Amino acid sequence: MNHDNSKKTPDGASVDRSGSQDSLDELSLDDYFKEIENIHETRRNNHEEREALVVKEPDEGELEEEWLKEAGLSNLFGESTGDSQESMVVLSTLTRTQKAAVEKRVETVTQTLRKKNKHHQIPDVRDIFRLQSDPKEKVCDENEPSAVRTTENRSGTQDETKGNFSVGTNEQKTPPQDMPFSETDLNLEIPFAEQAANTKDSSVGKMCKGGGGDTLPLNFRLPKDKTGTTKIGDLAPQDMKKVCSLALIELTALYDVLGTEFKQQKAAKIKTKDSGLFGVPLSVLLEQDQKKVPGTKIPLIFQKLISQIEEATLETEGLLRIPGVATRVKTLCQELEAKFYEGTFNWENVKQHDAASLLKFFIRELPQPLLTVEYLKAFQDVQNLPTKKQQLQALNLLVILLPEANRDTLKVLLEFLQRVIDHRDKNKMTLNNVAMVMAPNLFTFHGFGSKTIEQSEFVMAAGTANVMRFMIQHQKLLWTIPKFLVNQVRKQNAESQKKEKKDKAMKKLLKKMAYDREKHEKQDKVPNDADVPQGVIRVQAPHLSKVSMAIQLTEELKASDIVARFLSQKSGNVQTLKKEEVFLYEIGGNIGERCLDDDTYMKDLYQLNPNAEWVIKPKQS
């Protein structure tokens, strides 16, 4: 039983919760096992036998086939094999290590299909990648001279040709001596798997192992990107979908390079509640809540429990660690189920520790884990990656892969936990303590989560607490979309547009469209182009008093400067908007839509996407 395991710490030893140590020691694990005890006690008091979530054992090749679907490459197989243009576009943008990851899964599925004698067209894996034969359409070419590749691959941005960009694969075996990234910089320009391959080749045996006892560096940071940092939520849905597919391929490639197994898990379907608060799927909760508060992205009960805890002050000693009274928490749970949506629940009598227990109970009772069945084990396994930087890179990709509702809820939780830690001098809840208390609530999940713990409790405790700590400490980095992924999306969009133009041209030819009509169309475009001189962009702002303005690009002009210029144009006829309410967007060209951060240098971005339109508007929630 977990109670016995908590005695692995020395008898009579108390946990020093006033320290600000950053490494996990044996004594601090006490919090973890006490939390496990509290969880078991809550379940016993509720007298509820929860239906354990059964992880389905996949058939041979099934995981790989599912992986190819999620990676946007499903039409390489089956009856739709002939219509694989979309897959070809994706494949044309992949890096060396990403291609290797795809090849490995394609080969597995190929062998499985042959064994089953399925009458699908089964392409040879080498033929699939041989289709990317045009060097102009390649992201990288392994046969290309290294001197040619160095500049393009290091930068991961654009080449000398206006509007061209590359996904820096950095295929050199030894990183150049003048590499501008220090040990604590997180390089988002070169794909993570390529970085790992280079490090593996150049530093065999020099990588420090990650895991329980390492001290976490406090100064991981993102070097400034002149074309702007892209956060989750900044891209249009169609581009974000592409980012997710690429993130899956990149994560798999990273794990392949590091020799760590990456397998998504699949849960057998279980019956879930279709109404209520606790034990209800996030999607059902949000559907209920959006009827009350249109557009809400976080469950209302989750928001309310956090605000209830904060209203009582975050300086309370032992906050989150000290459990509420079990019988009282159970009663509150029942009352909330009956009265929350009616608005008749009395929050004044809810004690802070009870509210904290309810918050953790909400997370644990989700029918599927907040980190999802598919990726929970992958989150746990992050602790096994060789270096802290690689662990952070993997977590970054895993966060991107989470469904939107799970990701948004996790973000609100992590932000709240950081606010608790900010009051550690008073509440004695350091980063370590909070991570230890919260890890069991996120990582031990019904059937398969607790089974993992029983196999190796001590290792599991230290490992998942480290992952939890990493997520809290570096949450701002984790919600950043790596530049190399955005550039691959740009490349996909540009390739798709080329193909669409070719198709349109063919249709025009077949329909024998009149030559003079084409001539008029071309002539119509000339005045518009001539209207904006070279080095000037036209910015639209339909929500502001000045709806359009020609802006001269300079080396130092930032997105924030353009927004400020528009906001300085006062008018009584238009609703006044504050600076934090409106943003400059890059729309079209090689991107669907992207909200720009204030520090984006406009001339650099214009060179990356010269065909974009520029619009100032409020950010959609």
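What you see is a predicted model, and the numbers here were worked out from it, not measured in a lab.
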Partner residues of [X] under the side-chain hydrogen bond (donor to acceptor under 3.5 Å, both in side chains) criterion, sequence neighbours left out:
{"X": "Gln308", "answer": "none"}
{"X": "Gln393", "answer": "Gln195"}
{"X": "Lys603", "answer": "Glu555"}
{"X": "Glu287", "answer": "none"}

Results of side chain to side chain contact (heavy atoms under 4.5 Å, CB included) for [X] - residues two or more places apart only:
{"X": "Ala247", "value": "Leu397, Ile400, Leu401, Leu485"}
{"X": "Lys411", "value": "Glu415, Trp479"}
{"X": "Glu613", "value": "none"}
{"X": "Lys292", "value": "Leu300, Tyr341"}

Just so I know, are the side chains of [X] and [Y] near enough to count as touching, which here means a heavy-atom distance under 4.5 Å?
{"X": "Val102", "Y": "Val90", "value": "no"}
{"X": "His474", "Y": "Leu395", "value": "no"}
{"X": "Tyr375", "Y": "Asn406", "value": "no"}
{"X": "Thr229", "Y": "Asp599", "value": "no"}
{"X": "Ile587", "Y": "Trp614", "value": "no"}

[X] side chain to [Y] backbone, donor-acceptor under 3.5 Å:
{"X": "Gln475", "Y": "Ile472", "result": "yes"}
{"X": "Asp408", "Y": "Ile298", "result": "no"}
{"X": "Lys304", "Y": "Pro299", "result": "no"}
{"X": "Thr480", "Y": "Lys476", "result": "yes"}
{"X": "Asp598", "Y": "Lys558", "result": "no"}

For this session: Provide the full list of side chain to side chain donor-acceptor pair (under 3.5 Å) pairs with a residue in residues 237-246, sequence neighbours left out, each pair given once.
Result: Asp239-Asn493, Lys242-Asn493
What's the spacing between [X] [atom1] and [Y] [atom2] if we round to 0.5 Å?
{"X": "Glu315", "Y": "Asp425", "atom1": "CD", "atom2": "CG", "answer": "9.5 Å"}
{"X": "Asn611", "Y": "Tyr606", "atom1": "CG", "atom2": "OH", "answer": "8.0 Å"}
{"X": "Leu370", "Y": "Phe362", "atom1": "CG", "atom2": "CZ", "answer": "8.5 Å"}
{"X": "Leu73", "Y": "Trp67", "atom1": "CG", "atom2": "CH2", "answer": "6.5 Å"}

For this session: Please name all residues satisfying salt bridge (Lys or Arg N to Asp or Glu O under 4.0 Å) with Arg419, sequence neighbours left out, ordered by chain then number.
Result: Glu310
For this session: May I ask you to say whether Glu404 pairs ionically with Arg407, meaning some side-chain N is under 4.0 Å from a carboxylate O?
Result: no
Problem set entry | Partners passing ring-ring contact (aromatic ring centres under 6.0 Å, His included) against Tyr255 (at least two apart in sequence or in another chain) | Phe262
Exercise. Taking atom types as modelled, is there a side-chain donor on Glu250 or Gln488 under 3.5 Å from an acceptor on the other?
Worked result: no
Exercise. Using a distance-only test with no angle check, is there a side-chain donor-acceptor pair under 3.5 angstrom linking Glu586 and Thr600?
Worked result: no
Exercise. Among Thr409, Thr296, Asp289, whose side chain to side chain contact (heavy atoms under 4.5 Å, CB included) with Gln303 holds?
Worked result: Thr296
For this session: Could you check Asn187, Thr97, Thr199 and say which one makes a side chain to side chain donor-acceptor pair (under 3.5 Å) with Glu194?
Result: Thr97
Seminar exercise, completed: Correct closest heavy-atom pair for Phe566 and Met549 would be CZ-CB, 3.3 Å
Seminar exercise, completed: For Asn609 and Gly589, the nearest pair of non-hydrogen atoms, with its separation, is OD1-CA, 3.4 Å
Problem set entry | salt bridge (Lys or Arg N to Asp or Glu O under 4.0 Å) pairs, two or more places apart, involving residues 227-236 | Asp234-Lys619
